[in-house]
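The next block holds one structure in the form of structure tokens; read it before the comments.
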Amino acid sequence: MSESVVITDVGPRDGLQNQPKILTTQERLALIRAIAEAGVPQIEVGSFVSPKAVPAMAGTDQIFANLELEAFATSSIALIPNMKGYELAAAAGARTVTMVLYASDGMAQKNAAMSMAEAELVTVEILKLAKQDGIEVIATIAVAFACPFDGATDPAVTEAVVDRFINAGADQVVLADTIGAADPQQVRALTASLVKQHGAVKLGCHFHDTRAMGLANVFAAVESGIRRFDSSIAGLGGCPFAPGASGNVATDDIAMMLQQMGFETGIDLPKLLQASDLAQRLTGTAPGGRAKAWLQGHLTKLAS
Ligand code: COA
Ligand code: ZN
């Protein structure tokens, strides 16, 4: 049996939070449903953040109230920046939350008006509550490789945060290259070291394709044993609070590469392309990744 890689599509959150066009709840739900229909196992469906800070994520409680993903092998995740986010996510029925941690104080301040240490203290409190509430917690470390405010991140700082939150009982810890600045050599070194210390089961990576190194970074992490990746349908994405951040590595690209390499992803590529088309239609800006044009021609030939 071939080895599996778990893809989390963060397009409906990381993708939509940075679009000039704000989608309606119905449009957001249609995009989430299309991604689920393509067999993507996990979807970050929205965030519980201040609607003044991120207007595109207002009404994520309505997304949870109307998700209807029961027919699909897909679970939903809510991103949260603080305790209020946890409370709102739990009240809305989220079963998995992604809490944002930081490898720099500059980013922690800009994103969540906290220091790194304050975000960690809140996360420890959230982990306690989540255990009682039966909610899974993913700890995502923003600017794990470089910060737009504080410059290059010392790998030892990121390693220390990972260490603390694996030990604190996070269900997963994800290294996020928020501004797409990492190169494959850095990724290989950091992920290999972390896998050696902690094993790969709880570790994941989140890459942006800002400098065209997204897939190369995915490959470097795969070589280290990482089997969990965030990506975004049609390459939507970017952080409104991190200057220079552009789209995530496209789910279209990562699914094609991993499947061609023989990994099981559970993703149906023709259906994924439909979801990608929808993302492009709804937002009017998604680039669609690089694989899509080739896949469209190739899959049509196979079908005829
Ligand atoms: N969800 C919804 N509203 C929230 C919230 C949350 N998780 N956290 C705080 N708020 C509200 C407060 O109720 C308050 O509302 P009011 O102005 O109507 O009274 C307002 O936001 C400011 O609250 P405060 O605690 O003073 O916030 P802050 O200024 O210390 O922190 C954040 C600002 C973190 C709340 C805000 O910048 C935010 O939500 N950022 C989102 C970050 C993000 O999504 N980044 C991209 C993904 S990593
Ligand atoms: Zn991101």
(Q) Could you go through Ser276 and Asp252, starting from their C-alpha distance and side-chain angles, then the distance that decides it, and tell me whether this counts as side chain to side chain donor-acceptor pair (under 3.5 Å)? (A) CA-CA 7 Å; Ser276 179; Asp252 325 32; 2.5 Å; yes

Review item, side-chain donor-acceptor pairs of residues 265-275, under 3.5 Å, at least two apart:
unit_1	atom_1	unit_2	atom_2	d
Thr265	OG1	Gln259	NE2	2.8
Thr265	OG1	Ile267	N	3.1
Asp268	OD1	Lys271	N	3.1

For Ala103 and Val143, the nearest pair of non-hydrogen atoms, with its separation, is CB-O, 3.5 Å

Ring pair (Phe, Tyr, Trp, His ring centres under 6.0 Å) pairs touching residues 177-209, sequence neighbours excluded, are His206-His208

The reported gap from NZ in Lys202 to CG in Asp171 (rounded to nearest 0.5 angstrom) is 6.5 Å

- Task: Indicate whether any N or O donor in one side chain lies under 3.5 Å from an N or O acceptor in the other, for Ser115 and Gln109.
- Result: no

Side chains of Asn248 and Ser231: any donor to acceptor distance under 3.5 Å? no

Please answer whether the main-chain N or O of Ile233 pairs with a side-chain N or O of Thr251 as donor and acceptor at a distance below 3.5 Å. yes

Requested in this report: Assess whether atom CD of Gln197 is packed by more than 12 heavy atoms of other residues, nucleotides or ligands within 6.0 Å.
Outcome: yes

Exercise for the section: Inspect the contact between Asp277 and Lys292 and indicate whether a charged nitrogen and a carboxylate oxygen are less than 4.0 angstrom apart. Expected result: yes

For a 4.5 angstrom cut-off between non-hydrogen side-chain atoms, does Val161 reach Tyr102? no

Check: Asp14 side chain, Val10 main-chain N or O, donor-acceptor pair, under 3.5 Å
no

Residue pairs meeting side-chain hydrogen bond (donor to acceptor under 3.5 Å, both in side chains), one or both in residues 80-93, sequence neighbours left out, come to Tyr86-Asp133

Can a donor-acceptor pair be found between the side chains of Glu264 and Ser4 at a distance below 3.5 Å? no

Contacts under 3.5 angstrom, residues 60-68 side chains, donor-acceptor by atom type, not counting sequence neighbours:
unit_1	atom_1	unit_2	atom_2	d
Thr60	OG1	Arg28	NH2	2.8
Thr60	OG1	Ser47	O	3.0
Thr60	OG1	Met57	O	2.9
Asn66	ND2	Gln62	O	2.8

Residues pairing under ring pair (Phe, Tyr, Trp, His ring centres under 6.0 Å) where one sits in residues 132-181, two or more places apart or in two chains, turn out to be none

query = Taking the side chain from Arg188 and the backbone from Ala221, do they hold a donor-acceptor pair closer than 3.5 Å?
reply = no

- Task: Examine distances only and state if a side-chain atom of Asp177 and a backbone atom of Ala146 form a donor-acceptor pair shorter than 3.5 Å.
- Result: no

Across all chains, not counting sequence neighbours, the side-chain contact (heavy atoms from CB on, under 4.5 Å) partners of Phe72 are Arg33, Ala36, Glu37, Leu69, Thr74

hydrophobic_cluster_shared for Leu299 and Met256, side chain cutoff 4.5 Å = yes

dist Arg227:CZ -> Phe263:CZ (nearest 0.5 Å) comes out at 4.0 Å

Is the number of heavy atoms from other residues, nucleotides or ligands within 6.0 Å of NZ (Lys196) greater than 12? no

Verify, without hydrogens or angle tests, whether Glu125 (side chain) and Leu121 (backbone) share a donor-acceptor contact under 3.5 angstrom.
no

